2 protein chains.
Amino acid sequence: MKRVTIYDVANEAGVSLATVSRVINGSNVVKGGTKQKVEEAIEKLGYKPNAIAQGLALQKTTTIALVIPEASFTYTGQIINGLLDVAKIYKYNIMLHTTTEGINEINDIIENIIKSRVDGVVIYNDKLMREELNTLTKYNVPIVIIGNKVSDSKISSVYVDIENAVYELVMKYLEGGKRDIAIIQDRKNGYSIDQMINGAKKAYATKGLEFNGYLEIPGQYRTSYDFMKDYLQEHKHDLIIANRDSQAIAVVNAAKENGIDIPKEMEIVCVIDTKYNSMMRPQISSFAIPSYDLGAVSMRVMTKMLQENTDDIDKEIELSYLFTPRQSTL
Amino acid sequence: MKRVTIYDVANEAGVSLATVSRVINGSNVVKGGTKQKVEEAIEKLGYKPNAIAQGLALQKTTTIALVIPEASFTYTGQIINGLLDVAKIYKYNIMLHTTTEGINEINDIIENIIKSRVDGVVIYNDKLMREELNTLTKYNVPIVIIGNKVSDSKISSVYVDIENAVYELVMKYLEGGKRDIAIIQDRKNGYSIDQMINGAKKAYATKGLEFNGYLEIPGQYRTSYDFMKDYLQEHKHDLIIANRDSQAIAVVNAAKENGIDIPKEMEIVCVIDTKYNSMMRPQISSFAIPSYDLGAVSMRVMTKMLQENTDDIDKEIELSYLFTPRQSTL
DNA sequence: ATGAAAGCGCTAACAA
DNA sequence: TTGTTAGCGCTTTCAT
C-alpha cells in the first residue's frame, strides 16, 4: 500500500489540503457536504494522518517518556498500568525507558528523551538524580517524579510518606514495649530505604533511644533468603520491616527454616506488596501503597502541567497509605 | 532555553546546515577543521537533533511499538526487559501499548500505531488477532508475534512449543500409570491454554484415551484459589497443570487447606514461572519458559526485518523449554 | 569539501 | 467556507 498523504486525500476529494486538515482535526467551519466528501476520500484511500509530521508542525508529540528501573516489574507494573490508563484517556503515547545501574546509561536515556522531543517525562527511580534532571529542566521538559518529594517550576512529584508510615509503625511497637526492630534491604541504599530508616530513627529518638537495627545484606549473599537463613540463627528481632513483599517472604521462609514462629516469636511487615502476597502463607502485613494510583495520578498531573500554567497546579501530591494487618503480625 | 535548531548551529559555526547535518550523522567527507568548528558550536549551543524532524525526512522513526496485555507484568516484565535490552543496543525506542478486554480498544491501538509511524510492532498477546493484524500488514508495518507460531511476508514469530511441552509431560505420567490429569485456567480461553489442552489430548489419544480434565474457573469464583478450595473437597487429581505459577500457587494453598499432601497425594506443574516461585514452599515444578529471551529474540528478529530483505530471514523461531522438577512433583 | 534547494506531511495564519 | 502559503527541523541530491 502506497503511503497516502493529506495531498492525496485533497486530490481525491477535490478540495485543498487545508480543508482536509480541518476535517481530520474536527474543525466545525467545514460545510457538511465537503466534510462528507473528504471523509469518503479518507475512507477510500485508507488515509491515516502522520503523527510525526503533525508533531513537527505543532511542536508537540503527544507522547511522554516513562523512566523506570529495569527489574521485576512486579511493583512498577502496577504503576505502569495506572499511568497507561490515564494516558489512554488523554490520548498520550508512552515511550518506555528502563535504567540499569551505571550513571552513564542514565545520561544516554536523557539525551535520547531530549532528542525524541516528548512532551514530558515521568520518572520512577529510587535514586534521586538531581543533576541528571537538571539537563531535562534546562531543555524545558516538564517532569513528574514518582516516589520522591521534590518540586520546582518544571517538576512535580507524587509520593507516599513512607517515613511517616514507618515512624508510626515503629512507635506503636515501642509503645508496646518491643524494642528490637530491624529494617532490611538488599540493594544499595535507595531513597525509600533511607526514608524508612529515618522514620525508625525518629521514633526511637522520640523515646530517647537510638535506632541501629539496620540490616544490610552483605555482598557474599546471593539473596536475602540466603542471608537471613544464616542471620536468623544468631539473631532474632521483635519486628522486621522490609521494603517489598519479596524480601519479607524471604525472611518468612528463612524463619521457617530456623523454626522461628511467625508472628509469635517474630513479626514481619513490608511496605510494598504485590499480588503475590495474597498467595503467601502467612500473608505479610503491609502498608497498602497505592502503586496503581501513583502511576495514574502522575500521569494526571502531567497532563495538567501540559495544559495549564505550571504555577497554578499543586506540585507535590501526597498519596495516603493504609496499614493492613495480616498474618505476619500479632 | 530557546529551541536551538540546525540553523543556529550552522550560523554559529559559519557553515551551511548541510554541513552540520553531515557532522551529526558522522559523514566522513567533512574536513577536520570544519568538523571541529561545528562540534564546538553544537556544544556551545547545547544542540540536540530533533528526532521528529529526522523521522519526517528519513521516513523512519527508529521506534517500535510493543503491545502487551495489561495486567500483572510479573510474566511480561521479563519479556519487556529482554526486548528493551536489545532495543537499546540497536538504538530503537519502545512505545508501550497495553490491551484490555474489548475488541474496540485493540483497534484503537492499531490505529494509533499506524499514525505514529513506528518502524515495526512486537505483539505479545494470548489471543491471536489475525484480523487486526491484517490492518497492520496492509500498512506495511513489520510485525513480530511473541508466543504464537505464525508468519507471512511481513510477520515473524518467536515462541515456545507449549503443546509439545505438555504432551511430553502428560505422556510421562500416563506411562507411569497416572491417568487423572487436569489442566486449569482462570480466563477465557487463551492461545496457550489451547495449546496445553491440545498437548494433553494428543498424549491421551496416543494411549487410546480421551482427555477431559479441563478445569475452567466458573464465573462466580473470584479467584482460582476460591474455586480450588471448594473443588478439591470433592476432586483430587494425580497431576494438575497450570499455566502460570500464580495459579499453581493457588492450587497449592487450596490443597493445604484441604489437607492434601503435595506432591504425595497430588502433583502440580506450571508452565510459566516468575521469581516468586523461588520463594514458595513447596516450589512449583515448571517448564522454564525463557521469557527474557522471548523478548530479546523478538527484538533481534525485528531489527533484522528492518534491515534485510524480509524473505531471507527465518520467520519462525522456536525457543526451547526445559522441564525443571521442584518440590511440587515426585 | 561545502552549499543551495527540494522535499518529508502537516498546521495555521492570512486571503479570498 | 475554502484555498494559499509559509513554516516546523532535518536529510539528501545536485551543483560548485
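Since this is a predicted model, take the numbers as computed values, not measurements. The sequence lines fix the lettering, A, B, ..., with proteins before strands; numbering per chain opens at 1.
To the nearest angstrom, C1' of C:dG9 lies 7 Å from OH of A:Tyr47. Look at NZ on B:Lys60: it is 9 Å from P on D:dT12, rounded to the nearest Å. Atom CD1 of A:Ile6 is separated from atom C1' of D:dT4 by 14 Å (rounded to the nearest Å). Residue A:Asn11 contributes atom CG, which lies 12 Å from atom P of D:dG3 at whole-angstrom precision. Taking atom CD1 of residue A:Ile52 and atom P of nucleotide C:dT11, one finds them 13 Å apart after rounding to whole Å. Look at CG on B:Leu17: it is 9 Å from P on D:dT11, rounded to the nearest Å. Counting to the nearest Å, the C1' atom of C:dG9 and the CD atom of A:Gln59 are 14 Å from each other. With rounding to whole Å, A:Leu58 atom CG is found 19 Å from D:dA6 atom P.
Judged purely by distance below 3.5 Å, without hydrogens or angles, the side chains of A:Thr99 and A:Asn125 pair a donor atom with an acceptor atom. One side chain, A:Asp85 or A:Tyr292, offers a donor N or O that lies under 3.5 Å from an acceptor on the other. In the model, A:Asn134 has no side-chain atom that pairs as donor or acceptor with a side-chain atom of A:Glu131 under 3.5 Å. Residues A:Ser151 and A:Glu316 bring a donor and an acceptor atom of their side chains to less than 3.5 Å of each other. Counting only N and O atoms by type, the side chains of B:Arg300 and B:Tyr90 include a donor and acceptor under 3.5 Å apart.
A donor N or O paired with an acceptor N or O is not found under 3.5 Å between the base of D:dG9 and the side-chain atoms of A:Arg117.
In this model, the phosphate group of C:dA1 is not approached by any side-chain N or O of B:Thr19 to a distance below 4.0 Å at OP1 or OP2. Contact annotation: A:Asn50 does not reach the phosphate of C:dC8 (side-chain N/O to OP1 or OP2, under 4.0 Å). Considering only side-chain N and O atoms, A:Ser16 lies under 4.0 angstrom from the phosphate OP1 or OP2 of D:dG3. Within the structure, a side-chain polar atom (N or O) of B:Thr34 is placed less than 4.0 Å from OP1 or OP2 of C:dT2.
Nucleic acid contact for B:Val15: sugar-phosphate only, since backbone atoms but no base atoms lie under 4.0 Å from a heavy atom of the residue. At a threshold of 4.0 angstrom between heavy atoms, the contacts of B:Arg3 are confined to the sugar-phosphate backbone, with no base atom among them.
Salt bridge absent: A:Lys37 and A:Glu12 never bring a charged side-chain N and a carboxylate O closer than 4.0 Å. Remark: A:Lys115 engages A:Glu111 in a salt bridge, criterion side-chain N to carboxylate O under 4.0 Å.
The nucleotide whose nearest atom lies closest to any side-chain atom of B:Tyr7 is, among D:dC10, C:dG3, C:dT11, D:dC10. Each of D:dT1, C:dA1, D:dG9 was ranked by its minimum atom distance to the side chain of B:Val29; first place goes to C:dA1. When each of D:dT2, C:dC10, D:dC10 is scored by its nearest atom to the side-chain atoms of A:Val30, the top-ranked nucleotide is D:dT2. Residue A:Lys31 places its side chain closer to D:dT2 than to any other of C:dC8, D:dC8, D:dT2. Of all nucleotides listed (C:dT11, C:dA4, D:dT11), D:dT11 comes nearest to the side chain of B:Ala57.
Five base pairs at each end of the helix from C:dA1-D:dT16 to C:dA16-D:dT1 define two local axes, and these are offset by 40° (rounded to 10°).
Taking for each of B:Gly32 and B:Leu56 the nucleotide of DNA chain C with the nearest heavy atom, the 5'-most of the two is the partner of B:Gly32.
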Item to check | Test side-chain contact (heavy atoms from CB on, under 4.5 Å) applied to A:Ser21 and A:Ile6, step by step | outcome: CA-CA 7 Å; A:Ser21 175; A:Ile6 199 169; 3.9 Å; yes

